[in-house]
Amino acid sequence: MEQQTLEVKKEKKEIKAIALISGGLDSAIATKLIIDQGIKVEALNFHSPFCTCSSNSKYNQCGATYFAQKLEIPIKHISKGDEYLEIVRNPKFGYGKNINPCIDCRIHILEKTKEYMKDIGAEFIITGEVLGQRPKSQMLHALKTIEKTADLEGKIIRPLSAQLLSPTEMELEGIVDRSKLLGIQGRRRNIQVQLGRDFKLIEQYCAGGGCRLTDRNFARKLRDYFKYHQNSKMSDMKFLQIGRHYRFMDIKFIVGRNEGENNCLVSWARNDDVLLYLKDITGPTILIEHPKTMQILEFAAQIAVRYSDSNEVENLIEVESKNSQYDDFIVKVNPNIENLIKEFRI
């Protein structure tokens, strides 16, 4: 009887990874480099009112959802909540140039990602970070600090700069072929743009956006907010994204710059807010947070006149709110309003 040899093939374990896709080109290319090695990838996108990584309307070639579709991988969107706002208020590792807590932000995102890794059985995390591209969070010492603090040493692979960094566990174990990864460094993006075209991720390059916390003007508004609000709410951040902001007698008000912003202020107004605008004259809507005196409304009215189409010396001001003790009133133009605008603008 002929003896038959049975070959027992050991089933290869499916390796999963999580890609942090921001909406920019770098993270998409990094993810593509790992997918091409036969690894199953799912994407996470963390977003907040501070992110400016929305889709580019001209080219429609940016945005986390767009790139996830191009890469044919599932994506989950996660909103940064009030706890993240407290990190922005008091970052352990400090700020960048303005009010951007880049290191603390990365740690927060990675800690949340680590929790999701357990849920889906992922082995490692992919990011689009490039060594030396961002001065606060992508220098070598910062990358090491972030990994160590998040307790993810050896679990984060950065395919765009991998050959300039120490091998990760995945490379050492042969799960990821290090020779197929890149050694990009610095702020120039010509290599990424070419790869984006080669991989058919883009036709024309568009920047993936950035973070409002790095913007000087936005930072001033947020610092002012923190000063007057001990209990920070992420839902309040939408107010900081629009309008001209003033603080007069410790009262904050926001001046709409166009019809869209005016409409936002009307729809967002809370019970204690007052809305103010000129009667029958094109101009701004002004949202005033909890006004306490008529003097505050009169000052806001002067700014409403300043940014309106009015040429009149006296103007009728309309006042609206859900719980207001104030009525419509007449305001006379203040010849010194330009100086007051500069003095009280945030």
Side-chain angles (χ1 to χ4, degrees), residues 18-28 30-31 43-54 62-64 67 75-117 124-153 155-158 160-161 165 187 207-223 225-226 229 231-238 240-241:
I18 295 177
L20 296 179
I21 293 187
S22 65
L25 182 59
D26 288 358
S27 57
T31 303
L44 283 184
N45 169 248
F46 289 85
H47 59 91
S48 77
F50 306 133
C51 299
T52 60
C53 300
S54 58
C62 289
F67 281 126
I75 184 168
K76 180 178 180 179
H77 298 275
I78 298 177
S79 297
K80 298 175 184 175
D82 293 345
E83 62 176 330
Y84 176 70
L85 197 53
E86 285 304 310
I87 292 173
V88 178
R89 182 194 287 270
N90 295 300
K92 178 180 178 181
F93 294 96
Y95 296 122
K97 189 174 181 179
N98 287 293
I99 198 169
N100 46 309
C102 299
I103 292 177
D104 294 83
C105 177
R106 294 302 294 177
I107 292 169
H108 174 75
I109 288 172
L110 288 168
E111 287 177 341
K112 294 295 182 183
T113 304
K114 183 169 63 175
E115 296 174 8
Y116 191 63
M117 285 177 67
F124 63 96
I125 298 169
I126 307 159
T127 80
E129 292 164 301
V130 173
L131 184 65
Q133 187 178 86
R134 298 182 186 272
K136 181 66 177 176
S137 62
Q138 293 182 17
M139 306 305 286
L140 184 58
H141 67 279
L143 297 177
K144 291 181 177 179
T145 297
I146 290 167
E147 284 189 10
K148 183 175 181 180
T149 307
D151 194 23
L152 283 167
E153 290 177 289
K155 295 289 187 180
I156 304 171
I157 192 162
R158 302 173 173 93
L160 299 184
S161 296
L165 304 171
R187 306 190 70 170
C211 178
R212 289 188 173 92
L213 297 175
T214 64
D215 179 79
R216 180 178 59 184
N217 294 326
F218 188 88
R220 283 201 304 266
K221 297 174 186 177
L222 185 54
R223 287 192 180 98
Y225 173 87
F226 284 150
H229 296 80
N231 296 318
S232 307
K233 296 181 180 180
M234 193 64 85
S235 59
D236 289 340
M237 295 301 101
K238 62 179 180 286
L240 304 189
Q241 297 177 38

Euclidean distance, I156 CD1 relative to I126 CD1, rounded to 0.5 Å: 11.5 Å

Side-chain touch L222/M237, heavy atoms, less than 4.5 angstrom: yes

salt_bridge(E86, R89) N-O dist < 4.0 Å: yes

Aromatic ring pairing Y84/H108, orientation class (parallel under 30°, perpendicular over 60°, tilted between): tilted

Test log, rule side-chain contact (heavy atoms from CB on, under 4.5 Å), inputs I109 and K80: CA-CA 9 Å; I109 288 172; K80 298 175 184 175; 3.8 Å; yes

Shortest non-hydrogen separation from R223 to N98 and the atoms involved: NH2-O, 3.0 Å

Any side-chain heavy-atom pair of P49 and M234 under 4.5 Å: yes

Verdict with reasoning, Q133 to D26, per side-chain contact (heavy atoms from CB on, under 4.5 Å): CA-CA 11 Å; Q133 187 178 86; D26 288 358; 3.1 Å; yes

Test side-chain contact (heavy atoms from CB on, under 4.5 Å) applied to S232 and Y225, step by step: CA-CA 8 Å; S232 307; Y225 173 87; 4.1 Å; yes

Closest non-hydrogen atom pair between Q138 and V130, with its separation: OE1-O, 2.8 Å

Between CD1 on residue I146 and CG on residue D104, distance to nearest 0.5 Å: 9.0 Å

Working for side-chain contact (heavy atoms from CB on, under 4.5 Å), residues I107 and F93: CA-CA 10 Å; I107 292 169; F93 294 96; 3.5 Å; yes

Point-to-point distance, once rounded to the nearest 0.5 Å, from CE of M139 to CZ of R134: 13.0 Å

Approximate separation, where rounding is to 0.5 Å, of Q241 CD and D215 CG: 11.5 Å

Residue pair K112 / E83, side-chain heavy-atom distance below 4.5 Å: yes

Rounded distance [0.5 Å steps], CD1 in I157 versus OG1 in T127: 9.5 Å

Sub-4.5 Å side-chain heavy-atom contact between K114 and L110: no

Y95 side-chain N/O to V88 backbone N/O, donor-acceptor pair under 3.5 Å: yes

F226 and L85, any side-chain heavy atoms less than 4.5 Å apart: yes

Side chains of T113 and F46 in contact at under 4.5 Å (non-hydrogen atoms): yes

Heavy-atom closest contact (A19 atom, T31 atom, distance): CB-OG1, 3.2 Å

Neighbour count >12 (heavy atoms, 6.0 Å) for atom NZ, K144: no

Smallest separation among heavy atoms of R158 and E147, with atom names: NH1-OE2, 2.5 Å

Main-chain N/O of S22 paired with S27 side-chain donor or acceptor, under 3.5 Å: yes

Close side-chain approach of I125 to K155, heavy-atom, < 4.5 Å: no

Separation between CZ of R212 and CG of L240, rounded to the nearest 0.5 Å: 10.0 Å

Shortest non-hydrogen contact between L165 and L140, atoms and distance: CD2-CD1, 3.7 Å

Closest contact, heavy atoms only, G94 versus K136: O-CE, 3.8 Å

Check: L143 and E129 side chains under 4.5 Å, non-hydrogen atoms: yes

